[in-house]
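Worksheet for the structure shown next.
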Amino acid sequence: MGGLSWPLLVLGGGKIVDKLVEMKNIHKYYGRLKALKGIDFSVGDNEIVGVLGDNGAGKSTLIKIITGLHAFREGEMYIKGEKINPRHYSVKKAHQLGIETVYQEQALAEKQALWRNIFLGRQKTNALGFIKVKEEKEETEKVMRELMGFTGIGANPDSNIKTLSGGEKQGVAIGRAMYFDADLVILDEPTMALSLQEVDKVLNFIESIKTRGKSCVYISHNISNVYPVSDRFVAMDRGKVVGRYNKDEISLDQLNEELISVTKVK
Ligand SMILES: Nc1ncnc2c1ncn2[C@@H]1O[C@H](COP(=O)(O)OP(=O)(O)OP(=O)(O)O)[C@@H](O)[C@H]1O
Ligand SMILES: [Mg+2]
């Protein structure tokens, strides 16, 4: 960071911006359904942002726009200060800008080995175009040990993804995000129920993102999971942001009450 601290980000080439992601007045339609109705949302440097809200609030839609999966219609989006043209933005471009996502609908190849999933779409190849299998497996082992906290029991690089638990699958996707050294990791809570131990693992991953100086957007229905790991919270309801809170200004109980009151049917 060259001696500069929050809220400034110094990018390659010396460009200085104050936000990793900045969205202004973003609208999104699915056909005639208006899923986002003028969203302002930002993520700063080394910040964990918890996004909360009921089913259908627009949380996944919001992050799918950031990750290049869906295009927005009105509004402006800047990533690291670069103005995004929705017609020329894509998942690939988001990867290049250092954004990785762990989707709610898990984007892992279910029938493949763990090591293949780490390098999915971004294979290491030799001059002839062949995949460097040995190197990828060794790297996977390192990712598992150092980034995913797998201790060698059970899963190994050759394990089939479908034999892993829900939490372990989340771990693989997060490990992949960390391996590619994402500046922003977006976690959309898996729909399947995770065991308490698996939830703990996911929360540890989020804490390690913070320790590594990176940022994270964490979406979850479970406020008591989001609360301890987040720096601030954004509450959404029916396509709008209905509340913004800094953790140092609100207790878990108060946040719970707030969410009930801001999402009440009006
Ligand atoms: N691909 C799609 N096509 C049409 N409508 C969609 C699509 N994805 C989402 N929607 C609709 O947009 C609205 C917002 O959905 P979204 O998935 O963003 O909500 P969410 O806050 O992530 O909910 P959940 O907590 O259940 O995951 C909902 O009314 C949903 O039905
Ligand atoms: Mg969702």
Side-chain angles (χ1 to χ4, degrees), residues 21-43 48-77 79 84 86-87 89-91 94 99-108 110 166-167 169-171 173-174 177 182 184-194 198-199 202-203 205-206 209 215-227 229-230 232-245 252 255-256 258-266:
V21 175
E22 181 146 40
M23 300 167 99
K24 293 179 185 169
N25 194 29
I26 293 288
H27 293 254
K28 165 74 189 166
Y29 296 79
Y30 292 112
R32 292 172 63 187
L33 185 131
K34 200 164 185 185
L36 299 181
K37 305 168 184 165
I39 298 282
D40 292 340
F41 180 78
S42 67
V43 185
I48 312 289
V49 183
V51 177
L52 303 161
D54 275 339
N55 300 103
K59 306 179 299 296
S60 296
T61 302
L62 175 74
I63 61 117
K64 284 173 180 170
I65 288 174
I66 301 174
T67 60
L69 203 66
H70 291 333
F72 55 95
R73 204 153 96 186
E74 288 163 49
E76 290 170 22
M77 179 161 78
I79 310 255
I84 299 298
R87 271 171 298 182
Y89 193 54
S90 62
V91 173
I99 298 173
E100 296 279 341
T101 317
V102 180
Y103 288 110
Q104 192 170 26
E105 311 94 30
Q106 196 45 269
L108 294 172
E110 282 281 340
K169 282 184 198 162
Q170 282 287 101
I174 295 168
L184 174 63
V185 180
I186 302 178
L187 294 166
D188 199 348
E189 183 180 68
T191 36
M192 64 213 158
L194 299 183
E198 289 171 339
V199 169
V202 172
L203 297 181
F205 288 137
I206 296 172
I209 292 170
S215 299
C216 175
V217 174
Y218 181 35
I219 299 175
S220 174
H221 285 262
N222 190 328
I223 302 167
S224 47
N225 289 345
V226 179
Y227 187 82
V229 292
S230 302
R232 60 184 178 88
F233 314 96
V234 172
M236 290 183 68
D237 187 41
R238 286 162 280 177
K240 291 187 174 158
V241 171
V242 291
R244 301 174 198 272
Y245 318 92
L252 175 57
L255 181 62
N256 253 314
E258 260 297 305
L259 287 173
I260 293 165
S261 88
V262 292
T263 58
K264 234 182 2 225
V265 179
K266 289 168 191 103

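What's counted below: heavy atoms across the whole structure, side chains too, no hydrogens, waters or symmetry copies. Whatever order the structure lists them in is the order used to number ligands and atoms, beginning at 1.
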Exercise. Short N/O distance, under 3.5 Å, between Gly58 and ligand 1?
Worked result: yes
Exercise. Can you find an N or O of Ala57 that's nearer than 3.5 Å to an N or O of ligand 1?
Worked result: yes
Exercise. If only atom types and distance count, is the side chain of Lys59 paired as donor or acceptor with the main-chain N or O of Asp54 below 3.5 Å?
Worked result: yes
Problem set entry | Distance-only N or O hit between ligand 1 and Thr61, under 3.5 Å | yes
Exercise. Does the Tyr89 side chain pair with the main chain of Thr67, one donor and one acceptor, at a distance under 3.5 Å?
Worked result: no
Exercise. Which atoms form the tightest heavy-atom contact between Lys28 and Thr61, and what is the distance?
Worked result: CG-CG2, 3.5 Å
Problem set entry | Asn55 side chain reached by His221 side chain, heavy atoms, under 4.5 Å | yes
For this session: Could you tell me whether ligand 1 has any atom less than 4.0 Å away from a heavy atom of Asp54?
Result: yes
Seminar exercise, completed: Taken to the nearest 0.5 Å, the spacing of Tyr29 OH from Glu74 CD works out to 5.5 Å
Problem set entry | Heavy-atom donor-acceptor pair, Asp237 side chain to Ala57 backbone, under 3.5 Å | no
Exercise. Of all the atoms in ligand 1, which lie at a distance below 4.0 Å from a heavy atom belonging to Ala35?
Worked result: 12 (O)
Problem set entry | Contact partition for Leu62 relative to ligand 1, non-hydrogen atoms under 4.0 Å | neither
Exercise. How does Met236 reach ligand 1, if at all, at less than 4.0 Å between non-hydrogen atoms: by side chain, backbone, both, or neither?
Worked result: neither
For this session: Measure from the Mg ion (ligand 2) to each N, O or S atom of Asn55 and report whether any distance is below 2.8 Å.
Result: no
Exercise. Given Gly56, Ser60, Gly53, Gly31, which one has a non-hydrogen atom that is nearest to atom 14 (C) of ligand 1?
Worked result: Gly56
Problem set entry | His221 to ligand 1, any heavy atom closer than 4.0 Å | yes
Problem set entry | Donor-acceptor pair, side chain of Ser230 and main chain of Tyr227, under 3.5 angstrom | no
